[in-house]
Amino acid sequence: MARRQALTPGKAALLMLGVGTLALMGLPGFGPDAPPAGALAGVVLDPSGDTLSGVEVALFDGQTLELVELAKSDALGRFAFQHAPWNHHVFANPAASTGLVPRWELDRERSDPGVLELGLDAGTPTTITVTDEAGAVLPRAEVRVIDGHDDAVVARVMTDAAGRATVVLPDEYHLGVLAADENLAPHWIYAATPSSSELAVALEAGRWIEGRVVSSDGDPLAGLVVSAWNRSNGDWRWLGYDLARADGSFALLGTGATHLRALDPEQAVLPGAWNVDALEGPLELLLDPGEPLLMRIEGDSPASRVWVYDELRGLWSWGSATDAGGSLAVQTAERVTIHAEPLDGRGAALEESVTREPGAPLVLGKRE
């Protein structure tokens with residue numbers, strides 16, 4: 001399904017009359033259908049391209065992520081914000097009763113031309129019932145819906161006294177359920193498609209796992225992402241994550257046979273994975289420093305996000321961005337697969353399996 005709906009010629013003419021022509025004439029308050037005026041103007045559209053009124057639209061600062069302003073689309077679907085940070089995010093949040101999926105417009109800049117169109121897609125209204133393993137309902141559990149197309153959170157609601165919450169699911173979604181009781185492990189569903197108007201989720205009791213992330217020299221590694229997983233019926237299930245503190249310490253809730261993975265957002269050390277039950281003594285996750293590799297991407301859109309796959313350990317790194325010229329220095333294992341995607345969305349992704357040669361820069365093929 002298309003993420004944006006084009007205006008019909010008639011609606012486009014109406015919009016230009018309402019938002020463009022009057023503003024150019026210097027008459028922002030003219031007539032009974034005067035458009036809202038401000039630093040950023042837009043219109044909300046339903047799946048058929050018709051304008052949609054009464055939709056709450058929020059503006060966030062792209063740097064601080066703070067809420068800047070709230071607006072609501074008028075009778076002609078139009079809205080405007082008085083203040084627009086240079087980089088900003090816009091979020092359209094229709095009522096659940098509309099059956100429409102909320103939508104983000106991320107990383108806009110104030111210089112972007114034209115009226116912002118927020119086309120909303122139809123979703124599937126679904127009631128989530130949350131219980132513990134014994135079947136007792138869990139009020140105040142958080143239900144988090146992530147749009148599978150752009151991996152953005154589009155809904156966060158709490159279950160009521162009956163352990164129920166109603167959300168609108170996109171045609172592809174990720175779902176997280178987190179209990180108010182911190183001893184119950186969260187439940188995550190990935191890359192799913194709606195199949196019913198009812199969904200039941202039972203949360204398991206967990207056990208707290210604490211430890212430290214350290215380098216091969218024994219130094220603490222602050223800021224690393226440590227995640228917990230378990231495997232059930234052949235499928236990996238994510239349980240949550242923690243960021244290592246200044247002393248390298250972390251705490252996570254595990255269930256059953258828990259596996260831990262650690263990733264460095266800066267790719268200064270190699271990723272690691274451990275079976276908790278196989279670790280002895282104080283829980284220390286020791287990460288291999290690897291060897292430095294300087295890579296460069298050629299082509300018209302060199303700036304990219306790059307992931308490195310350790311072919312021996314079977315682990316992906318945390319994706320890191322190159323500089324504007326397509327260069328990036330990372331620590332890698334000897335045999336790796338490099339996957340790079342353009343930051344501006346232009347051109348194809350690159351993927352290449354390579355054996356690292358110490359001291360030799362890696363140049364990835366030209367992106368067409």
Side-chain angles (χ1 to χ4, degrees), residues 65-67 126-146 151-167 169 173-192 198-214 220-233 235-265 271-285 318:
L65 303 183
E66 293 180 351
L67 176 65
T126 304
T127 299
I128 317 290
T129 302
V130 184
T131 66
D132 63 16
E133 293 177 283
V137 298
L138 295 175
R140 297 184 296 109
E142 179 185 337
V143 177
R144 194 176 301 177
V145 179
I146 301 172
D151 294 330
V153 176
V154 293
R156 292 179 66 184
V157 297
M158 308 295 285
T159 57
D160 61 17
R164 294 163 69 86
T166 298
V167 294
L169 298 179
Y173 68 91
H174 316 301
L175 181 76
V177 180
L178 299 85
D181 183 346
E182 63 177 13
N183 294 310
L184 291 176
H187 185 92
W188 288 90
I189 299 171
Y190 283 102
E198 297 278 342
L199 180 63
V201 175
L203 301 185
E204 300 177 60
R207 56 177 176 135
W208 283 98
I209 299 168
E210 300 181 355
R212 296 174 67 240
V213 188
V214 297
L221 295 172
L224 266 69
V225 180
V226 184
S227 58
W229 302 73
N230 71 10
R231 194 165 190 171
S232 177
N233 299 322
D235 295 326
W236 285 104
R237 176 185 161 203
W238 185 57
L239 300 174
Y241 76 95
D242 193 17
L243 294 179
R245 297 160 189 81
D247 61 354
S249 64
F250 66 88
L252 285 165
L253 204 61
T255 64
T258 303
H259 300 259
L260 297 180
R261 300 179 187 176
L263 293 173
D264 181 6
W274 302 264
N275 180 346
V276 172
D277 293 333
L279 297 175
E280 298 180 358
L283 197 60
E284 285 201 339
L285 308 185
W318 188 280

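Across Pro139 and Ala161, no two heavy atoms sit closer than the pair CB-CA, 3.9 Å. Pairing each heavy atom of Thr258 with each of Ala228, the nearest pair is CG2-CB, 4.1 Å. A pairwise comparison of heavy atoms in Ala257 and Asn230 identifies O-CB, 3.5 Å as the closest pair. Nearest approach of Trp229 to Leu239, heavy atoms of both residues: C-CD1, 4.1 Å. A pairwise comparison of heavy atoms in Ala222 and Ala246 identifies CB-CA, 3.8 Å as the closest pair. Contact record, Val225 with Pro265: CG2-CG, 4.1 Å, taken as the closest heavy-atom pair.
The main-chain N or O of Ala141 is found under 3.5 Å from a side-chain atom of Thr159 such that the two form a donor-acceptor pair. Formation of a donor-acceptor pair under 3.5 Å by the Glu133 side chain with backbone atoms of Ala205 is found in this model.
Scanning for ring-ring contact (aromatic ring centres under 6.0 Å, His included) contacts around Trp274 gives an empty result, with sequence neighbours left out. By the ring-ring contact (aromatic ring centres under 6.0 Å, His included) test, Trp236 is found to be paired with His259, residues two or more places apart in sequence or in another chain being considered. Applying the ring-ring contact (aromatic ring centres under 6.0 Å, His included) test to Tyr241 and every residue at least two apart in sequence or in another chain returns nothing. Under the side-chain hydrogen bond (donor to acceptor under 3.5 Å, both in side chains) criterion, Asp151 pairs with His174, not counting sequence neighbours. Every residue two or more places apart in sequence or in another chain that forms a salt bridge (charged side-chain N to carboxylate O under 4.0 Å, His left out) with Asp277 is listed here: Arg207. Residues meeting the side-chain hydrogen bond (donor to acceptor under 3.5 Å, both in side chains) test with Asp264, sequence neighbours left out: none. Taking Arg261 as the reference, nothing meets the salt bridge (charged side-chain N to carboxylate O under 4.0 Å, His left out) condition, with sequence neighbours excluded. Shown here are the salt bridge (charged side-chain N to carboxylate O under 4.0 Å, His left out) partners of Arg140, two or more places apart in sequence or in another chain: there are none. Not counting sequence neighbours, Thr126 has no partner by the side-chain hydrogen bond (donor to acceptor under 3.5 Å, both in side chains) test. Scored by the salt bridge (charged side-chain N to carboxylate O under 4.0 Å, His left out) test, Glu66 finds no partners at all (sequence neighbours excluded). Remark: Glu210 pairs with no residue by the side-chain hydrogen bond (donor to acceptor under 3.5 Å, both in side chains) rule, at least two apart or across chains.
Atoms CD1 and CG, from Ile209 and Leu253 in turn, are 7.5 Å apart once rounded to the nearest 0.5 Å. The distance from the CG atom of Leu199 to the CG atom of Leu175 is 6.5 Å, given to the nearest 0.5 Å. Note that the CG atom of Leu169 and the CD1 atom of Ile146 stand 12.0 Å from one another [nearest 0.5 Å]. Note that NE2 of His187 is 8.5 Å distant from CD of Glu204, once rounded to the nearest 0.5 Å. Atom CG of Asn183 and atom CG of Leu203 lie 12.5 Å apart (nearest 0.5 Å). Atoms CD1 and CD1, from Ile128 and Ile189 in turn, are 7.5 Å apart once rounded to the nearest 0.5 Å.
Pairs engaging residues 244-258 under the salt bridge (charged side-chain N to carboxylate O under 4.0 Å, His left out) rule: Asp242-Arg245 [sequence neighbours left out].
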Would you please test Leu184 and Leu138 for side chain to side chain contact (heavy atoms under 4.5 Å, CB included) and show each step? CA-CA 11 Å; Leu184 291 176; Leu138 295 175; 3.8 Å; yes
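Contact check for Trp318 versus Leu224: no side-chain heavy atoms found under the 4.5 Å cut-off.
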